[in-house]
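On a predicted model such as this, the values are computed, not experimentally measured, just so you know. Residue numbers start at 1 and run along the sequence shown.
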Amino acid sequence: MSDSTDKPDPFDPFGIVASMNEWCCLLKAARELKDVDEEMMETMLEANATSPASLSPEAAVKLRSLVNLMRSLNLDPEAIRRRDPETMRELETACLRCSERSRCASELWAGTAAAYPEFCPNAAEIDRLRGQ
């Protein structure tokens, strides 16, 4: 007696639909994880601002760039924030005052963020953190 799962689906003999369904589930899970990460970033940014209204959209983008730069350099901004919140505040303050936002964004986008010492006001502090 043969099991019904051994028989191919007459409407999908090569299993393409099943594969597409699995792929769609993976994409949905990835989107949910991305949304959770963005939500966590928003929460962290709001917690660090003196008031949520005081953080402009431009400031939020700059702080996200700092986090992305740190992650690209294998630094964990959340761990640094827990271990040394003053250092993280200093990094954020310097980042908010930086006039090289477009360079930072283009380096991050291009995957060449290792060039940060050329333009980043946080270069010395980031190098110190990388050395720890």
Side-chain angles (χ1 to χ4, degrees):
M1 184 173 219
S2 149
D3 190 6
S4 64
T5 58
D6 292 339
K7 296 179 186 175
D9 183 348
F11 299 107
D12 185 22
F14 301 107
I16 294 171
V17 173
S19 296
M20 291 300 292
N21 284 338
E22 289 173 14
W23 180 249
C24 288
C25 288
L26 286 173
L27 285 176
K28 182 179 177 186
R31 271 191 229 111
E32 288 175 7
L33 287 172
K34 180 180 175 286
D35 290 342
V36 168
D37 189 40
E38 287 177 3
E39 186 177 315
M40 183 180 79
M41 278 302 302
E42 290 295 325
T43 302
M44 286 174 40
L45 291 172
E46 288 174 7
N48 283 334
T50 53
S51 72
S54 70
L55 194 60
S56 71
E58 182 180 322
V61 168
K62 282 185 175 183
L63 293 181
R64 280 194 193 101
S65 293
L66 173 64
V67 168
N68 290 336
L69 172 64
M70 293 175 77
R71 286 182 180 158
S72 74
L73 298 170
N74 295 321
L75 291 172
D76 183 356
E78 291 83 17
I80 293 168
R81 185 178 310 285
R82 284 189 302 271
R83 184 181 70 236
D84 192 356
E86 183 59 32
T87 297
M88 200 61 194
R89 276 192 293 278
E90 289 172 8
L91 290 169
E92 290 169 342
T93 300
C95 188
L96 289 172
R97 292 182 183 142
C98 180
S99 61
E100 295 289 332
R101 157 111 175 81
S102 60
R103 171 104 190 255
C104 183
S106 64
E107 296 286 347
L108 285 167
W109 186 82
T112 56
Y116 73 94
E118 297 174 15
F119 63 88
C120 184
N122 285 318
E125 190 62 28
I126 289 174
D127 287 343
R128 184 186 69 79
L129 291 169
R130 290 179 78 193
Q132 288 182 350

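Applying the side chain to side chain contact (heavy atoms under 4.5 Å, CB included) criterion to Glu100, with sequence neighbours excluded, gives Cys98, Arg103, Phe119. By the side chain to side chain contact (heavy atoms under 4.5 Å, CB included) test, Ala79 is found to be paired with Asp76, Arg82, residues two or more places apart in sequence or in another chain being considered. Partners of Thr112 by side chain to side chain donor-acceptor pair (under 3.5 Å), not counting sequence neighbours, listed by chain and number: Glu107. Legend: residues meeting side chain to side chain contact (heavy atoms under 4.5 Å, CB included) with Thr87, ordered by chain and number and at least two apart, are Asp84, Leu91, Glu125, Arg128, Leu129. Applying the side chain to side chain contact (heavy atoms under 4.5 Å, CB included) test to Ser72 and every residue at least two apart in sequence or in another chain returns Leu69, Leu108, Ala113.
For the pair Pro121 and Ala94, the tightest heavy-atom approach, listed with the atom from each and the gap, is CG-O, 3.7 Å.
Proximity of Lys62 to Leu66: side-chain heavy atoms (C-beta onward) are nowhere separated by under 4.5 Å. Residues Glu22 and Leu26 fail the side-chain proximity criterion, which asks for heavy atoms closer than 4.5 Å.
The CD atom of Glu90 sits 13.5 Å away from atom SG of Cys95, with the distance rounded to the nearest 0.5 Å. To the nearest 0.5 Å, atoms CE (Met70) and CZ (Arg81) are separated by 8.5 Å. Remark: Leu73 CG to Ile126 CD1 distance equals 6.5 Å, nearest 0.5 Å.
Between Arg89 and Glu92 no salt bridge is recorded (no basic side-chain N to carboxylate O distance below 4.0 Å).
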Would you sort out whether Glu78 and Arg71 count as a side chain to side chain contact (heavy atoms under 4.5 Å, CB included), showing the intermediate values? CA-CA 10 Å; Glu78 291 83 17; Arg71 286 182 180 158; 2.9 Å; yes
